[in-house]
Amino acid sequence: MTVPRQSEAALPVFAQAVGKKYRRGWALRETSLVIPPNRVVALVGPNGAGKSTLMGLTTGMLRPTTGALTVFGDQPTGKGLHPAVSYLAQQKPLYRQFTVADTLTFGGRTNPSWDQGYAEHLVEQAAVPMNARVGTLSGGQRTRVALALALGKRPRLLLLDEPLADLDPLARETVLGALITEARAHGITVVLSSHVLAELEGVCDHLVLLHDGQVLLAGDVSRLSANGMSLGELALHHMRAAQQGVAA
Amino acid sequence: MIWASLRLQRLQLLTLLGTLVVGAGVIVLLRSNMIDALDSAQIAHCVRAADQCVAPDGAVKAFRTTWSTPFETAQLLIIGLPALIGVFIGAPLFALELEQGTHVLAFTQSVSRTRWMLSKLVVALVPALVVLVVLQHLVGWWLDAAGSLGPLYNGPFNRVNFAIQGVSPLGYALFAFALGTFLGALTRRTLAAMTAGLVAFVVVRFAVSGLVTGSVFAERRATAVGEVPEQRESGLVLTTGWLDASGQAVPSDRASVLNQACKTTPGGSPNTEEGYLACLRESGFAQNYWDVIPDSRAWQVHLVDVAVFGVLAVVLLAGTTWALRRQS
């Protein structure tokens with residue numbers, strides 16, 4: 001693999017013809033993609049479009065079958081996540097037998113860039129009791145704790161796989177609000193994946209539309225919707241076109 | 001990371017501590033009760049040589065009957081602990097995390113998978129081994145006090161005695177633990193790893209321990225045909241047979257034919273003792289021999305045993321590392 005040039009090294013994510021094949025077939029076909037810094041990125045596509053695979057490749061949980069991908073200039077390996085990257089998986093894995101305080105201690109013990117005060121502030125803000133066991137928390141509270149763990153690392157890139165999927169509408173709004181406030185305040189690039197574009201419309205300023213393992217559309221929202229078309233319509237339009245292309 | 005492993009395995013560590021405290025207490029208590037029983041039955045001096053001591057009628061037999069169950073229970077504990085360590089500590093160690101998806105949490109912090117794995121292995125394995133070795137030596141201390149009135153009467157090569165002495169239990173525990181972790185990392189299913197681990201451990205444990213006793217430490221002893229050997233040293237006799245005049249072992253099939261032939265006279269009647277021995281000498285038998293591993297070399301056999309199971313454990317731990325470090 002070629003060493004990225006200086007400008008590419010600064011990019012949160014830089015993918016060159018990256019592809020991932022599972023036994024059942026290609027989850028992601030040779031995809032080239034740039035995630036620019038300081039954006040809130042909506043990674044949108046129907047179920048099975050390759051969103052989680054792209055996230056997995058970015059975190060190093062998965063290894064690309066073809067091509068290469070760099071995160072702030074480094075190739076993700078199985079040796080732990082890049083210190084500047086946080087990842088929240090779809091299932092929001094947390095140790096159920098830990099208390100919230102234990103969970104934050106775990107974050108501190110496993111991340112050199114940990115900011116305990118900030119993480120505690122986020123938990124307090126969410127009104128989650130510190131000495132409660134994670135297993136006894138509600139879905140919304142768990143997400144807030146998982147988010148505090150991800151943000152406490154002080155990342156420059158935050159990857160969230162379907163973060164809103166198992167939340168009720170009210171919790172969605174508060175979680176998303178808290179997240180965007182923190183991201184804007186600290187200049188964090190956030191990548192949110194979802195199969196429902198509507199819930200991200202209005203908060204994201206960059207869109208990556210995946211369909212059947214390929215990027216249909218990628219770019220800043222201000223540029224994409226220049227002709228006045230709403231983001232939802234635009235995405236639907238592209239996906240319909242892709243579907244018809246497959247059918248024909 | 002050590003902190004996280006300690007916190008995650010807190011319940012397990014407390015269970016181990018409880019096992020150690022209760023086990024040690026019970027063993028110390030039983031040992032002192034047993035010594036009292038020996039004294040009150042006036043057989044304390046029989047501990048050295050039960051077969052030759054002068055004791056009140058039936059006292060030795062009564063003692064053995066009363067105490068055989070506690071002895072066997074203690075032996076069973078030391079034989080069973082390695083399997084329990086493998087099933088309840090080794091198998092769930094990684095399988096549970098992989099099953100619940102919490103390995104993703106660990107893998108996406110700024111800690112390498114290898115460090116995560118090593119800290120979990122050390123925190124799980126070291127306390128378990130300490131508990132096993134301490135209990136093993138306490139049981140040994142108790143059985144020593146019973147001497148030849150207890151199970152030690154059967155010698156260090158008795159299967160049960162061998163399994164609970166020397167470094168062997170350590171080797172079995174290492175192997176069981178490594179087997180459990182490997183199957184757990186491979187199958188990602190706790191229950192499957194526990195079950196398969198137990199079965200595989202029992203099979204390998206018995207298959208391999210048979211091989212080890214037939215090892216290289218045998219010494220050859222021989223006496224001239226017809227000579228009654230002086231007090232044979234105690235040990236594990238592996239083979240017996242005949243040597244010819246040049247000191248070569250006579251093949252066993254030929255030896256048995258000749259031996260059978262010498263038992264009868266040419267006339268067909270049973271041979272006399274002198275006639276039998278003379279016939280043997282004429283047939284070319286010069287000496288009786290037996291290959292024996294003396295009791296004093298038992299520790300060397302234990303070393304071979306621990307080496308075999310240790311190598312298996314290292315291979316399995318390397319397999320665990322491979323299974324955990326591969327990116328899917």
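Throughout, a chain's letter reflects where its sequence line sits, starting with A, and its residues are numbered from 1. As the structure is a prediction and not an experimental result, all values here were calculated from the model.
- Per-residue heavy-atom pair counts under 4.5 Å with chain B were compared for A/Leu88, A/Leu94, A/Val85, A/Thr59, and the maximum is reached by A/Leu94.
- The number of heavy atoms from other shown groups lying within 6.0 Å of CG (B/Leu191) does not exceed 12.
- Here the options are B/Leu30, B/Leu20, B/Ile27, the test is side-chain contact (heavy atoms from CB on, under 4.5 Å), and the partner is B/Leu138; only B/Ile27 passes.
- With rounding to the nearest 0.5 Å, the separation of CD in B/Gln9 from CD in A/Gln97 is 10.0 Å.
- Of the two parts of A/Thr105, the backbone and the side chain both hold a non-hydrogen atom closer than 4.5 Å to a non-hydrogen atom of chain B.
- Listed options B/Arg10, B/Glu97, B/Gln100 were ranked by heavy-atom pairs under 4.5 angstrom with chain A; first place goes to B/Glu97.
- Annotation for B/Leu14: atom CG counts as buried by contact number, over 12 foreign heavy atoms lying within 6.0 Å.
- With a 4.5 angstrom heavy-atom cutoff, B/Leu8 touches chain A via backbone and side-chain atoms both.
- Residue-environment remark: CZ (B/Phe88) stays at or below the threshold of 12 foreign heavy atoms within 6.0 Å.
- Across A/Tyr87, A/Phe106, A/Trp114, the residue that shares the most heavy-atom pairs under 4.5 angstrom with chain B is A/Phe106.
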